[in-house]
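These notes are about the structure you will find just below.
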Amino acid sequence: MTGLIVFIVIAVIIVLWVISIYNSLVRLRNNRENAFADIDVQLKQRYDLVPQLVETVKGYAKHESTVLQNVTNARAAAMSATTIDDKIKADNALTSALAGLKVSLEAYPDLKANQNFLQLQDEIADIENKIAAARRYFNSATRELNNAVQAFPNNLFAGMFHFQTEPMFEVPKEERAQYEKAPEVKF
């Protein structure tokens with residue numbers, strides 16, 4: 001009889017331990033999804049501002065239609081992305097298109113002095129900073145989930161409960177070289 005009670009107590013402890021691991025993994029997965037929802041909020045703000053930027057620039061840069069079209073197409077693709085991975089890829093494409101727009105704007109000093117453009121540029125810079133912060137938080141949440149999924153003893157149960165390591169929000173490899181190069185400062 002004592003052996004049965006000990007067995008039941010050990011079984012209950014193991015079941016509670018597995019439940020604790022499962023609940024911990026669920027919390028971490030939900031934290032990661034919430035972190036990406038924060039990115040979505042900032043991206044939505046960015047998508048709303050991009051048409052304003054494009055319209056402002058159109059008046060000054062009529063012959064830069066390819067750059068403006070790239071920004072518009074990238075924005076549309078980003079807005080129609082549905083999965084986290086698709087949104088990450090689409091956002092990277094929009095970031096590249098906006099970088100191309102910034103480079104082409106350097107040719108228009110009158111535009112840079114326009115008050116509406118300056119205000120819009122400040123808003124976009126603010127949103128870009130918020131997106132960067134949200135991405136850092138997302139990557140932190142992803143790292144925590146990945147650590148939990150890979151660490152012992154969680155890894156014994158993670159696969160059984162369909163938890164897996166998730167990708168970080170990273171700069172695409174083909175763009176990494178340009179970001180690692182120091183920017184030129186000209187006076």
Side-chain angles (χ1 to χ4, degrees), residues 22-59 61 64 67-105 111-112 114-150 154 158 161-176 178-180 183:
Y22 177 80
N23 288 342
S24 172
L25 292 171
V26 167
R27 271 191 301 279
L28 291 169
R29 180 183 59 201
N30 290 343
N31 190 33
R32 179 181 187 267
E33 290 172 1
N34 182 60
F36 196 80
D38 290 346
I39 292 174
D40 263 349
V41 168
Q42 297 303 322
L43 293 178
K44 172 73 170 104
Q45 253 187 319
R46 178 205 248 178
Y47 303 154
D48 292 345
L49 280 176
V50 166
Q52 294 175 34
L53 175 64
V54 169
E55 288 302 315
T56 302
V57 174
K58 271 184 185 177
E64 295 291 342
V67 173
L68 298 174
Q69 190 61 43
N70 288 345
V71 171
T72 302
N73 291 343
R75 175 187 175 264
M79 289 183 67
S80 65
T82 55
T83 68
I84 289 177
D85 291 340
D86 290 343
K87 287 180 181 186
I88 289 172
K89 289 176 189 169
D91 179 57
N92 285 332
L94 180 57
T95 299
S96 293
L98 286 172
L101 179 61
K102 287 176 188 173
V103 167
S104 71
L105 290 176
L111 178 60
K112 287 193 224 175
N114 178 289
Q115 187 61 38
N116 291 335
F117 178 75
L118 291 174
Q119 181 181 2
L120 187 59
Q121 192 175 27
D122 287 343
E123 287 181 37
I124 288 176
D126 183 51
I127 287 175
E128 292 297 323
N129 289 334
K130 289 176 183 175
I131 290 172
R135 285 177 182 158
R136 284 190 298 274
Y137 178 68
F138 172 79
N139 281 345
S140 175
T142 300
R143 184 192 70 244
E144 287 180 33
L145 174 64
N146 290 345
N147 287 344
V149 166
Q150 294 172 347
N154 294 4
F161 294 130
H162 305 290
F163 288 93
Q164 60 189 16
T165 57
E166 299 291 346
M168 298 282 199
F169 202 123
E170 298 178 317
V171 173
K173 289 179 182 165
E174 52 275 359
E175 293 179 25
R176 190 171 304 257
Q178 98 185 40
Y179 291 118
E180 290 176 354

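Nearest heavy-atom pair, Q45 versus I127, reported as atom, atom and distance to 0.1 Å: CB-CD1, 3.6 Å. In this structure, F163 and R29 approach most closely via the heavy-atom pair CE2-NH1, 3.5 Å. Nearest heavy atoms, A90 versus A78: CB-CA, 3.4 Å.
I88 has its side chain within reach of F36: a pair of non-hydrogen atoms, C-beta onward, lies under 4.5 Å apart. Put simply, the side chain of K87 does not reach to within 4.5 Å of the side chain of I39, judged on heavy atoms. Proximity of R46 to I124: side-chain heavy atoms (C-beta onward) are nowhere separated by under 4.5 Å. V26 is not listed as a side-chain neighbour of F161, based on a closest heavy-atom distance of 4.5 Å or more.
The ring pair (Phe, Tyr, Trp, His ring centres under 6.0 Å) check on F169 picks up nothing, with sequence neighbours excluded.
Atom OG1 of T142 and atom CG of N147 lie 10.5 Å apart (nearest 0.5 Å). To the nearest 0.5 Å, atoms CG (L28) and CZ (R143) are separated by 11.0 Å. Between the CG atom of L43 and the CG atom of L94 there is a distance of 8.0 Å, given to the nearest 0.5 Å. Expressed to the nearest 0.5 Å, how far CD of E144 lies from CZ of R27 amounts to 11.5 Å. Between L145 atom CG and S24 atom OG the span is 9.0 Å, to the nearest 0.5 Å. Atoms CG and CZ, from N139 and R32 in turn, are 8.5 Å apart once rounded to the nearest 0.5 Å.
The closest donor-acceptor contact from the side chain of N154 to the backbone of A148 lies under 3.5 Å. For R75 (side chain) and Y47 (main-chain N/O), a donor-acceptor pair under 3.5 Å exists by modelled atom type.
Under 4.0 Å is where a charged nitrogen must lie from a carboxylate oxygen, and between D40 and K44 no such pair does. Between D85 and K89, no side-chain nitrogen of the basic residue sits less than 4.0 Å from a carboxylate oxygen of the acidic one, so the salt-bridge criterion is not met.
Between the side chains of N31 and Y137, at least one donor N or O lies within less than 3.5 Å of an accepting N or O.
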